[in-house]
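If you're wondering where the values come from, they're calculated on a predicted model, not measured in any experiment. Below, chain A is the first sequence line, B the second, and so on; all start at residue 1.
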Amino acid sequence: MTKSKSAYSEPGKVGKSEHHIIVVWVDNEAGVLARVVGLFSGRGYNIESLAVAEVDKKRHISRITIVTSGTPQVIEQIKLQLKKLIPVHKVADFSRNDPKILFRELALFKVVSAKKNQEKAKKACKKYNSIVIDKSKKSLVIQVTALRREIDKLVENLKPLGLASVSRTGAVAMTRGAEIFK
Amino acid sequence: MSKLLSGAEIVFKCLEDQKVEHIFGYPGGAVLPIYDELKNHKSIKHILVRHEQGAGHAAEGYARSSGKPGVLLVTSGPGATNAVTALTDAYMDSVPLVCISGQVPTHLIGTDAFQEADTTGITRPCTKHNWLVKDVNDLAKTIHKAFEVATTGRPGPVLVDIPKDVQFKKGNYKFTKNTLSKKLNGRASKKVNFKDIEKLINMIKESSKPIFYTGGGVINSGPEASKLLRELVSLTGFPITSTLQGLGAYPGDDPQFLGMLGMHGTYEANNAMHDCDLMINIGARFDDRITGKVDEFSPKSKKVHIDIDPSSVGKNIKVDLAIISDVSDLLKSLIKTFKEKNKDFLNSNKQKTAKWWNQIDKWRQKKSLNFKNSDTLIKPQHAVQRLYELTKNKDTYVTTEVGQHQMWAAQHYKFDKPNRWMTSGGLGTMGYGLPAAVGVQIANPGKLVIDIAGEASVLMTMQEMSTAVQYKLPIKIFILNNEYMGMVRQWQELLHEKNYSESYTAALPDFVKLAEAYGCVGIRATKPSELDEKINEMINIDKPVIFDCVVDKNENCFPMIPSGKPHNQMLLGEQDEEEISEEGKVLV
């Protein structure tokens, strides 16, 4: 194999990639999401899911929750780079395996099938705080809240039962107990 | 209640309150109200450039040589996009710039109006922050905040985009200071941690093979930082090397100075970096031109990193002690504590580092910057050396373009003061030096300002000679003319089997005639014997000069870290031009 003749050095050893959930509190102003997302794409970081909404109407603070993966060095960089953005107030970083953190994602499933399969679908979702929010003769819309991987699995299970459409919010996170992240 | 002002008036009120004396700019439809207002503000002088990139680099030169932020004023669409290269350059090299751009009126934004561009979108990744001001009552606050963001923490460029209708509208003006209550791009609001200083002092005491590795952060911290650095280096007796951007923070001709490090750094500096047991990085960022292959970078050393930007720490190289601080603040407390507890450290520690200095002297004997001089052809290194000898007592300001000439200038021009050396390091922008020299001369009237240039680079922004002539700026454009894009040619020679693909410029202009066409003076030197006389002639002309120094076409820039090799295996040039391994070709 011929080696490339790049003007740059070869990559060094790459560390093990980990999943992290980054929570960013930002001023809710024009372009702020573009700044955050642009930082990720510009520096080659990964975004698996993204959830954004204003959480403080008075102070115009939005909370952005980003599921990402990277080596510990990359995760550290993501945090430090985010903190440099002017509209960013604070940045929290949770490992996906951290037991002190709650993660939830909301999903809507539209199942189009015969009654029998509709019932099966309802049953499959039951464990995950499911609510049927719409139904017709031919269809159901079920809302569930669960972990990302649980929803991934549900999607697989619902496919043979007539799953026609999926909408997911992306994960949001919060610490357990009385503590809040400062 | 105060009188209402138009947006354009507010812009100038802000500039006045920020004590701005010069702005570099180019008018156009979307900034005409601001240009209309210019006549009413005598304390602010506008420098009309010939291209907005020139405005940006001139503002950079102005900022880097004066320590004040550079301000540029450009129109919407192409005006702003032309400034993007300069903004990116300033972002990479941490230069404080405030770019004010016009925008189409708010009701036309998003309609693909004439000369509309998504300026804040385009400049988002190349500024510290940018703003589109849609309400005239936000304008004053935003511009003052822009200055604050640009100049505090790790400095950098910002942009304020002002739609034309906002420039006409009347609003309130108020001077607001310290709008950013908390953090600022890495500015350490905390005091330096005393424990960290103790730790660092212990590391200094334990080390037998130490080195200081300093960078542009020392320059950015202000002249005080350079003074403190000199004090610290002489207190410890340790060797010091500097990055390209840090040159001038420590005197280039001092015996403790090992010269620049990195890809074209000296043999002694790179070997010392590789073999040291303690590396103290002050205001540098472990750039890839410095580290080479990261896995093999200085394998045996404990590393300390002092930087104002937390995101610089651990980005490329893991360190043992990180101190987030402004360089001056840190050095002040470090020196104070060090002096109190370690009287006579220099003498008592001499024995410990003696072997290390011996080793350094051995490396020095390689004389890695040597070259074979010639009687018939001007060698580019020789030209820079002569230029240095003939200008060193004149407090000279030097800018450069990008390429071989830049590295030769860094190697052979010995700076002994900060803010005298302006070069595009991070982005490597060909065409930087000439407009930067314009800005340097504006900031430093009466001083000798030289752009050490290559003929290919300088043609990229040659139009700014017209600016220099208009404002009677006696800048000297010293072109090392080898008719090639020299660094490209060198890589092609060493890495691509001498396939000189498109690196030769046929049909170059006659630079002497070109100078005359611009209304300045052209000088050409072709023989080593006439070099001194012609350089002196150049220095003594009180007008802009283009000096066409015709040099050896085939000269390569050595030493050089070639190849899949670590710092301690450099190419020294003709003496030992060895074959570069296949693996090595990747790394240059």
Side-chain angles (χ1 to χ4, degrees), chain A residues 1-16 18 20 22 24-45 47 59-61 70-93 182, chain B residues 118 120-121 124-132 134 145-146 148-149 153-154 156 158 179-180 182-187 263 288-289 291-297 309-318 324 428 487-488 491-492 494-497 561 563-564 581-588:
Chain A
M1 202 183 87
T2 49
K3 292 248 163 71
S4 90
K5 292 168 177 171
S6 154
Y8 297 93
S9 61
E10 292 170 333
K13 285 183 207 99
V14 181
K16 213 178 146 213
E18 299 168 358
H20 278 247
I22 310 275
V24 195
W25 285 262
V26 298
D27 289 322
N28 184 14
E29 60 185 32
V32 66
L33 186 61
R35 285 180 209 283
V36 170
V37 172
L39 190 147
F40 274 74
S41 64
R43 291 187 181 266
Y45 307 143
I47 295 183
R59 291 164 61 223
H60 298 290
I61 304 285
T71 63
Q73 210 178 353
V74 166
I75 300 288
E76 192 59 31
Q77 268 293 301
I78 291 176
K79 281 190 284 179
L80 293 171
Q81 294 291 351
L82 281 169
K83 282 182 190 168
K84 277 171 67 171
L85 297 179
I86 304 294
V88 168
H89 289 262
K90 54 182 180 177
V91 179
D93 159 37
K182 287 247 168 63
Chain B
D118 175 9
T120 46
R124 199 173 288 133
C126 61
T127 53
K128 277 180 82 174
H129 197 64
N130 60 20
W131 297 262
L132 170 64
K134 287 182 165 173
K145 191 169 175 179
E148 202 178 331
V149 172
R154 179 176 175 179
V158 297
T179 48
L180 294 143
K182 40 184 184 92
K183 65 138 195 195
L184 227 215
N185 245 12
R187 153 106 106 195
M263 183 174 277
D288 67 282
R289 303 287 104 166
T291 59
K293 195 174 178 183
V294 167
D295 294 349
E296 287 167 50
F297 174 71
D309 176 5
S311 73
S312 280
V313 173
K315 181 167 62 181
N316 302 327
I317 299 286
K318 281 200 182 122
I324 306 300
M487 195 59 94
V488 174
W491 285 4
Q492 288 173 333
L494 298 175
L495 307 176
H496 295 268
E497 292 83 35
I561 300 178
S563 62
S581 67
E582 266 304 309
E583 181 198 8
K585 290 180 183 179
V586 187
L587 291 181
V588 173

TODO: Grab the two heavy atoms, one from A:L80 and one from B:P310, that are nearest each other, plus how far apart they are.
DONE: CD1-O, 3.3 Å

TODO: Could you look at A:Q77 and say if it's the side chain, the backbone, both or neither that has a heavy atom under 4.5 Å from chain B?
DONE: side chain

TODO: Enter the distance from B:K315:NZ to A:Q81:CD here, rounded to the nearest 0.5 Å.
DONE: 6.0 Å

Open item on the list: What's the separation between atom CD in A:E29 and atom CG in B:L132, rounded to the nearest 0.5 Å?
Closed with: 11.5 Å

TODO: Can you spot which of B:V149, B:V158, B:N130 makes a side chain to side chain contact (heavy atoms under 4.5 Å, CB included) with A:I86?
DONE: B:V149

- [ ] Using non-hydrogen atoms and a 4.5 Å limit, figure out which bit of B:N316 sits close to chain A: side chain, backbone, both or neither.
- [x] backbone

TODO: Please name the pair of heavy atoms, one in A:Q73 and one in B:G314, separated by the smallest distance, quoted to 0.1 Å.
DONE: NE2-O, 3.0 Å

Task: A:A34 to B:R124 - nearest heavy-atom pair and separation - done: CB-NH1, 3.0 Å

Open item on the list: More than 12 heavy atoms of other residues, nucleotides or ligands under 6.0 Å from NZ of B:K134: yes or no?
Closed with: no

